[in-house]
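To keep things clear, I will list the structure first and then write my remarks on it.
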Amino acid sequence: MPEPEPDTGLPAPALTSPGDPSGAAPDARMAAAHSLTVEGYRLFEQKDYDGAIRTLERAVGINPADGPAYFYLAEAWLQKENLALAARFNELATLYLRNNPAWSQQADHQKKRIKQKSIETGAGSTS
């Protein structure tokens, strides 16, 4: 029986590789990027933010349109309090997740949290 996911309030990546809307199986590159995104999420959940960042950067290197990877990169940078990078990766997540209502809502919420943290720390505008 699989272990339950920790409740961090973040959406977990899908348990299966992302497919395209036509139902075709993902290619090897997409599957590899998805595996790295899942691993990055796992590292993030373990609070290994540096490891998560390294892994997620590999994911977007393979698949530059991997919206969830950008979302988790923004989360990791937010945890490390680098609000400029968190905001930049959130912009990319918002762009690549715009056609998925559930993820889009998460990205919008993330943007608000980054902006609020910026106000609290006096870090200035993250636009």
Side-chain angles (χ1 to χ4, degrees):
M1 179 181 244
E3 292 183 30
E5 292 289 332
D7 184 15
T8 62
L10 294 180
L15 296 177
T16 58
S17 295
D20 92 23
S22 69
D27 65 17
R29 181 180 51 80
M30 295 281 288
H34 180 74
S35 292
L36 288 167
T37 299
V38 170
E39 176 64 12
Y41 174 78
R42 185 188 67 76
L43 291 166
F44 178 87
E45 291 294 305
Q46 294 175 348
K47 299 187 183 338
D48 179 0
Y49 304 123
D50 292 327
I53 289 166
R54 282 189 301 273
T55 302
L56 293 163
E57 285 177 341
R58 288 177 51 211
V60 298
I62 294 170
N63 178 12
D66 188 340
Y70 290 119
F71 177 86
Y72 298 128
L73 276 165
E75 283 297 324
W77 285 113
L78 181 58
Q79 291 301 314
K80 291 178 63 77
E81 298 189 3
N82 185 325
L83 302 179
L85 283 175
R88 180 64 187 131
F89 284 116
N90 172 263
E91 288 174 14
L92 291 166
T94 300
L95 173 68
Y96 291 112
L97 297 171
R98 70 185 178 275
N99 294 326
N100 182 316
W103 273 106
S104 183
Q105 183 178 5
Q106 289 292 328
D108 288 343
H109 178 68
Q110 182 183 63
K111 181 177 185 174
K112 290 174 185 168
R113 290 186 294 116
I114 293 167
K115 190 172 200 88
Q116 182 60 38
K117 184 78 168 180
S118 178
I119 291 167
E120 290 171 4
T121 62
S125 174
T126 59
S127 97

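Listed by chain and number, the residues in a side chain to side chain contact (heavy atoms under 4.5 Å, CB included) with A59 are L36, T37, D66, A69 (sequence neighbours excluded). Residues meeting the side chain to side chain contact (heavy atoms under 4.5 Å, CB included) test with Q46, sequence neighbours left out: R42, L43.
No single ILVMFWY cluster, assembled from side-chain heavy atoms under 4.5 Å apart, contains both L97 and I62. A chain of hydrophobic side-chain contacts below 4.5 Å, direct or via other Ile, Leu, Val, Met, Phe, Trp or Tyr residues, connects L95 to Y72.
Heavy atoms only, all atoms of each residue included: F44 and Q79 are closest at CE1-CG, 3.8 Å. Closest approach of A86 to A74, counting heavy atoms only: O-CB, 3.4 Å.
To the nearest 0.5 Å, atoms CG (D50) and OG1 (T55) are separated by 10.5 Å. Once rounded to the nearest 0.5 Å, the distance linking CG of L78 with OH of Y49 reads 9.5 Å. Atoms CG and CZ, from L73 and R54 in turn, are 12.0 Å apart once rounded to the nearest 0.5 Å. Summarising the geometry, atom CD belonging to E75 is positioned 8.5 Å from atom CD belonging to Q106; distances are rounded to the nearest 0.5 Å. Interatomic distance, CG of N63 versus CE of M30, reported as 5.0 Å (0.5 Å rounding). Here CG of N90 is found 11.0 Å from NE2 of H109. Values are rounded to the nearest 0.5 Å.
The backbone N or O of A65 lies less than 3.5 Å from no partner atom in the side chain of Y70, so there is not a single donor-acceptor pair. A donor-acceptor contact shorter than 3.5 Å links the side chain of Q110 to the backbone of F71.
Contact of the L85 side chain with the K80 side chain is not registered, since no non-hydrogen atoms from C-beta on lie closer than 4.5 Å. Inter-residue side-chain proximity for T94 and K111 is flagged as unmet; no heavy-atom pair is nearer than 4.5 Å.
E91 has a carboxylate O that lies under 4.0 Å from a charged side-chain N of R88, or vice versa, which qualifies the two as a salt bridge.
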